[in-house]
Protein chains: 2
Amino acid sequence: MPRKITMADIADMAGVTKSTVSRYFNGGYVKESTRERIQEITREYNYEPNAFARLKARESNVIGVVVPTLNSKVTSRVVTSIGRYLRGQGYETLIKDSDHSPELELKNMQRLMTLNVDGILVSAITITPELREAIESCPVPVVVLAQEYPQGTVVVADDYGAGRAMGAYVGRTGPRRVGYLGVEESDLAVGISRRQGVLDGLREHGDPEVVALQGDYSYESGQRMAEEVLENGPVDAMICATDRLAFGAYLVLERHGLRVPEDVSVAGFGGYDESALLKPPLTTLKFDSYAMGYLGAETVLKMIRGEPVPKKQIVDYTFIEGKSVRER
Amino acid sequence: MPRKITMADIADMAGVTKSTVSRYFNGGYVKESTRERIQEITREYNYEPNAFARLKARESNVIGVVVPTLNSKVTSRVVTSIGRYLRGQGYETLIKDSDHSPELELKNMQRLMTLNVDGILVSAITITPELREAIESCPVPVVVLAQEYPQGTVVVADDYGAGRAMGAYVGRTGPRRVGYLGVEESDLAVGISRRQGVLDGLREHGDPEVVALQGDYSYESGQRMAEEVLENGPVDAMICATDRLAFGAYLVLERHGLRVPEDVSVAGFGGYDESALLKPPLTTLKFDSYAMGYLGAETVLKMIRGEPVPKKQIVDYTFIEGKSVRER
DNA sequence: CTGAAAGCGCTTACAG
DNA sequence: CTGAAAGCGCTTACAG
């Protein structure tokens, strides 16, 4: 196992000082011939400076990203998009997975700060008081993704608007009783805004009775909630806070011998590829997660440069009409 | 924005030297009363040492992970599992996303090395000669995930065995002509081993004619290949290298008015949650990705400690019997 | 255009 | 049990 190669090694081989090599990498003055020599050696050894040893540098060129989980289609898209943008801008992306734990969420934020990243993108399930405190006392720019955060800079999906659109769409078909399969209110975006949108949308179109439930984000939770809805009496529609929950509803409805959409309409949020494959295809709605990642990354870089940025950016969604909601 | 707090600050407040604080964090000798004082201040300021400033330390306590993409269910599971294990062992996980690019794959490996990580877990789509060279010249332990790599230490899924089991399962139903929707051979595990397993399994049970195609991993690719299979004449079964490809096959079969499994059997690999929701539920097979992550992480840590490790570890799979393969 | 020197936040022998 | 000093791989004024 060869020894790790350092900037000093490169300097030696090039017959210069590491100061010069450093300048080479950071865009300082280097004579053309020297530059070429360094470039050649750098190429030969595939050398790249250790980004984390830039302790003295004003900027580390690394951006931290804390995500609530990696096991989510939406998060995957967001992180991929962030990585692409940042890579193109010469920044490193440092991903910290909170694995559904609020304590880890806080720890990740704190750790990122001591790691002297230039900025932080944080997507949290819940912004606890401790997290908020950490965000506020953060010495580098922070942008919050996917959750409202009035105190700071955010990029969010239009959860309320999307909910309302879906509520109205289903409401127009004239249901008498609707089940809402939701998530916990600690998730403000999905648990509250999205639900409120749905309720308002329904109210504007016939004002059906609504049985609103809360669970977690799993397939199993979707099944449990669907069962519970049915135990409370027949419904004409189930609106599910995520496609995954809708998958659970499909299964339970089938078990009960109920047809979609003839007996019960079903709608979701997420627009997963798989949703189009269900029978019938799920009526859902897809947020532009790539835009969220891109805009978040762009925004944090602007903040670092001291450029003005919008306090709040809202990404769009696309309505995906399936065949799972009854025609009116 | 408050200044970042450093070890020297903590030392000042505790009335000691940073040497002592460092020892506190690294398990050296510290008097009980001193320890308590440092602990208190550390707690108050939520201080954690900058893991990347441990330039002088023998061990950095960070493990690098390079993944081919973040947009994959399997990768998500593997990375989550790695993170959990490593966190429990006091290690940082540094994720590098190659975003489907072989050049980035190589760059990520190289960069990780200069970042003085203690070990590397690499999951690559293709082990190019350059990547192999990088792995071989790596000064820290490397374990390769999900791909065969005879020169090194690997944790792989039993692609051949799984393919053969699926081939045999379908073969037993007596198909005359079978379509195989595969991926490129540059992916040795899926593109070659899995396919070979399927072919061998089929051959042992009736030896049907096989139309084997190659594409990428997308839903659209599944559709294209399914179309191409049908253009070549009727088949009794389609075996798909991943569930996602099978999703595409379902769509195309439906378009052609062909029923699953009455007209055409379909089978996949992956065991996605969604696969059970298809109509009919997909017969598939799920690899234990969590085990792959866990074992990979455990193995690299053992290698770092100089403990003996198996050259090759094979993770198990579970057969998931759906209703998409005709009864014989 | 380049080098010597000091310093970033940490660790580690070595004295005491 | 603790501190002073040197050093990790890099950056950055400051001379020259």
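All values derive from a computational prediction rather than experimental measurement. Lettering follows sequence order; numbering is per chain, from 1.
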Query raised in the report: Base, sugar-phosphate, or nothing: which does B:S19 touch, judged by heavy atoms less than 4.0 Å apart?
Result: base
Report task. Ignoring backbone atoms, test whether B:Y47 places a side-chain nitrogen or oxygen under 4.0 Å from the OP1 or OP2 oxygen of C:dC10. Result -> yes
**Report entry** Residue whose closest nucleotide on DNA chain C lies nearer the 5' end, A:K18 versus B:T20
**Finding:** A:K18
Requested in this report: Among the candidates C:dT2, D:dG3, C:dC10, find the nucleotide nearest to the side-chain atoms of B:R23.
Outcome: D:dG3
Requested in this report: Give the nucleotide from the list C:dT2, C:dG9, D:dT2 with an atom nearest to the side chain of B:L55.
Outcome: C:dG9
Report task. Please confirm whether any donor atom in the side chain of A:T17 sits under 3.5 Å from an acceptor in the base of C:dA4, or the reverse. Result -> no
Requested in this report: Return yes when atom CZ of A:R43 has more than 12 non-hydrogen atoms of other residues, nucleotides or ligands closer than 6.0 Å, and no otherwise.
Outcome: no
**Report entry** Nearest-nucleotide pick for A:V16, side chain only, options being C:dG3, D:dC10, C:dT12
**Finding:** C:dG3
Report task. Take the protein atom CD of B:E36 and the nucleotide atom P of D:dC1, then report the distance between them rounded to whole Å. Result -> 13 Å
Requested in this report: In whole angstrom, give the distance that lies between atom CD1 of B:I38 and atom P of D:dG3.
Outcome: 9 Å
Report task. Write down the distance between OH (A:Y24) and P (D:dT12), rounded to a whole number of angstrom. Result -> 17 Å
Query - Per B:V30 side chain, nearest of listed nucleotides D:dT2, C:dC1, C:dG9 - result: D:dT2
Report task. State whether B:N26 places a side-chain N or O below 4.0 Å from either non-bridging phosphate oxygen (OP1 or OP2) of C:dT11. Result -> yes
Query raised in the report: If you check every side-chain atom of A:K31, which of C:dT2, C:dC10, C:dA13 has the closest atom?
Result: C:dT2
Query raised in the report: Can you find a side-chain donor-acceptor pair between A:D118 and A:S60 that sits under 3.5 Å?
Result: yes
**Report entry** Whole-Å gap separating P (D:dT12) and CG (A:N61)
**Finding:** 10 Å
Query - Rounded distance in Å - CZ (A:R37) to P (C:dC1) - result: 14 Å
Query - side-chain N/O A:S22 vs D:dT12 OP1/OP2, d < 4.0 Å - result: no
Query raised in the report: Checking side chain to side chain contact (heavy atoms under 4.5 Å, CB included) against B:L94, which of B:L112, B:N108, B:V66 comes through?
Result: B:L112
Query raised in the report: Does the side chain of B:Y217 pick up a donor-acceptor pair with the side chain of B:D187 at under 3.5 Å?
Result: yes
Query raised in the report: Side chain of B:R54, base of D:dG9: donor and acceptor closer than 3.5 Å?
Result: no
Query raised in the report: Under the side chain to side chain donor-acceptor pair (under 3.5 Å) criterion, do A:E148 and A:S193 qualify, and how do the steps go?
Result: CA-CA 9 Å; A:E148 293 291 345; A:S193 301; 5.5 Å; no
Query - Per-nucleotide pairing state of DNA chain D [Watson-Crick or G-U, under 3.5 Å; [ ] pseudoknot-crossing; | other strand] - result: |||.||||||||.|||
Requested in this report: Measure from CD on B:E59 to C1' on D:dC8 and round the result to the nearest Å.
Outcome: 15 Å
Query raised in the report: Any donor and acceptor pair, going by atom type alone, linking the side chain of B:K96 with main-chain N or O of A:T93 inside 3.5 Å?
Result: no
Report summary line: Which of D:dC10, D:dC8, C:dT2 is nearest the side chain of B:K56? It is D:dC8
Query raised in the report: Counting side-chain heavy atoms from CB outward, which of C:dC10, C:dT2, D:dC1 is closest to A:T34?
Result: C:dT2
Requested in this report: In whole angstrom, give the distance that lies between atom CZ of B:F25 and atom C1' of C:dG9.
Outcome: 13 Å
Query raised in the report: Under the criterion side chain to side chain contact (heavy atoms under 4.5 Å, CB included), which of B:I95, B:T80, B:I82 is the partner of A:D97?
Result: B:T80
Report task. Rounded to the nearest angstrom, tell me the gap between atom CE in A:M7 and atom P in C:dC8. Result -> 18 Å
Query raised in the report: Regarding A:S123 and A:Q147, is there a side-chain donor-to-acceptor distance under 3.5 Å anywhere?
Result: no
